Amino acid sequence: MSISASLRASGRAAYRDLYRASSLTFTGDERVLRAFREKMRTDALSVRGTIDPVQFEEQVKLGREIAEMLRKNVVQAYKAPVQPTNGEQLWQIQLREGIEMGENDTIKNPPPPDLNSRRARKQDKDFNSADAASPKPTAPRFYSALKKAHQQRKPAELNEDDLEETHVRGSGPGGQSINKTSNNVQLIHRPSGIRVTCQITRSLETNRMLARRILLEKLDKIENPGLSKGDLRRAKQNERERRRRKKAKKKALTQEREDIFAPSDSP
């Protein structure tokens, strides 16, 4: 017995239907989507060698049932980008059009929460603040995209009214210019509580300038995670190392190829 052409066409149609259903169900979860499609390919290759029409038709029917189940009975739940501050986890559920779980009115239109207790009012406040806040974008992986994002970022600003500055006597090597003068600059950023100390040079004015530069870099690192100047310098160094390794590997492969195909001196 052999599989007819019409039955094989039905199998290909069921495979395409299951492929589209998985794309719709697992949107945004690339790891699960890749694993599901890999399982699909493995099962399809195992069914391709089947010569029994009954068994082949059962596999086609199973594929259509799985596709229908994915469309109607499977939903995605993922962690919200902004979590409440009370330690509890906030999850979001994506309800698509046509899904059976979304036909319940209590799910689409949940009743208002009971805000009589203090804990319920706090949870409702944290939930609303989490929805209103916008998550900060993640830093790009490659140096070219990171450099572009670094140029487009909003740099941190330093307001002199937010600073508490004190000058104390320095310590360490340097003689009387360090140990008997108040050239050690200490800055406290009141809004964030960041404390910076600078005693790099013997000049008080230079240390004041450098202390503000260090404080700005720390604020920039907090407000733009992964996009600060320090992150850009590290990414640039990593890009140089990557290019150096790539160039060395290419040179080694070229040398190996020349050694293999080089003409032999022996007769």
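For reference, positions follow the sequence shown, starting with 1. This is a predicted model, so every value here is computed, not measured.
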Practice task
State, yes or no, whether a side-chain contact exists between R244 and E241 at a heavy-atom distance under 4.5 Å.
Solution key: yes

Practice task
Side-chain contact test, heavy atoms from C-beta onward, threshold under 4.5 Å: evaluate it for L219 versus S192 and give yes or no.
Solution key: yes

Practice task
Indicate yes or no: does E68 engage R64 in a salt bridge with an N to O separation below 4.0 Å.
Solution key: no

Problem - Partner residues of F26 under the ring-ring contact (aromatic ring centres under 6.0 Å, His included) criterion, sequence neighbours left out - result: F36

Problem - Within one Ile-Leu-Val-Met-Phe-Trp-Tyr cluster: L18 and V32, side-chain cutoff 4.5 Å - result: yes

Practice task
Answer yes or no: are there more than 12 heavy-atom neighbours, outside E157 itself, under 6.0 Å from its atom CD?
Solution key: no

Handout entry: Interatomic distance, R243 atom CZ to N238 atom CG [nearest 0.5 angstrom]
Key = 12.5 Å

Exercise for the section: Begin with the C-alpha distance, continue with both residues' side-chain angles, and end with the deciding distance and a verdict on side chain to side chain contact (heavy atoms under 4.5 Å, CB included) for K246 and K251. Expected result: CA-CA 9 Å; K246 183 179 179 181; K251 184 177 180 180; over 6 Å; no

Exercise for the section: Decide yes or no on side chain to side chain contact (heavy atoms under 4.5 Å, CB included) for R212 and L158, but give the supporting numbers first. Expected result: CA-CA 8 Å; R212 282 160 173 78; L158 195 60; 4.0 Å; yes

Handout entry: S6 backbone acceptor or donor facing S10 side chain under 3.5 Å
Key = no

Completion exercise
CD of Q186 to CD of E165, rounded to nearest 0.5 Å, is 10.0 Å

Handout entry: Any side-chain heavy-atom pair of T197 and N184 under 4.5 Å
Key = yes

Problem - Exam field: side chain T25 to backbone L70, donor-acceptor pair closer than 3.5 Å - result: yes

Completion exercise
Those residues at least two apart in sequence (or on a different chain) that pass salt bridge (charged side-chain N to carboxylate O under 4.0 Å, His left out) with D43 are K39

Practice task
Calculate, to the nearest 0.5 Å, the distance between atoms OG and CG belonging to S23 and L33 respectively.
Solution key: 5.5 Å

Handout entry: Result of checking D162, V196, N159 against H189 for side chain to side chain contact (heavy atoms under 4.5 Å, CB included)
Key = D162

Exercise for the section: Take L187 and E164, measure what side chain to side chain contact (heavy atoms under 4.5 Å, CB included) needs, and give me the verdict at the end. Expected result: CA-CA 6 Å; L187 290 180; E164 180 180 340; over 6 Å; no

Practice task
Heavy atoms only: give me the nearest V185-A211 pair and the separation to one decimal.
Solution key: CG1-CB, 4.1 Å

Practice task
Measure the CZ-CD distance between R34 and E38 for me, rounded to the nearest 0.5 Å.
Solution key: 10.5 Å

Exercise for the section: Please examine the side chains of R240 and K236, heavy atoms only from C-beta on, and report whether any two atoms are closer than 4.5 Å. Expected result: yes

Exercise for the section: I would like to know whether I222 and K218 meet side chain to side chain contact (heavy atoms under 4.5 Å, CB included); could you show each step before the answer? Expected result: CA-CA 6 Å; I222 294 176; K218 291 190 175 184; 5.5 Å; no

Problem - Residues E205, R208: salt bridge by 4.0 Å N-O rule - result: yes

Handout entry: Note, L163 side chain near L215 side chain (heavy atom, < 4.5 Å)
Key = yes

Practice task
Measure the spacing between OH of Y19 and CE of M40 and express it to the nearest 0.5 Å.
Solution key: 7.5 Å

Problem - Salt-bridge criterion met for R213 and E217 (N-O under 4.0 Å) - result: no

Problem - From CD (Q199) to CG (L204), nearest 0.5 Å - result: 11.0 Å

Problem - Crowding at CD, E57 (>12 non-hydrogen neighbours, <6.0 Å) - result: no

Handout entry: Considering all heavy atoms, the nearest L210-C198 contact
Key = CB-SG, 3.7 Å

Practice task
Before accepting this row, confirm whether a basic side-chain N of the pair R71/D17 lies closer than 4.0 Å to the acidic partner's carboxylate O.
Solution key: yes

Problem - Beyond-backbone contact of R37 with R41, side-chain heavy atoms, under 4.5 angstrom - result: yes

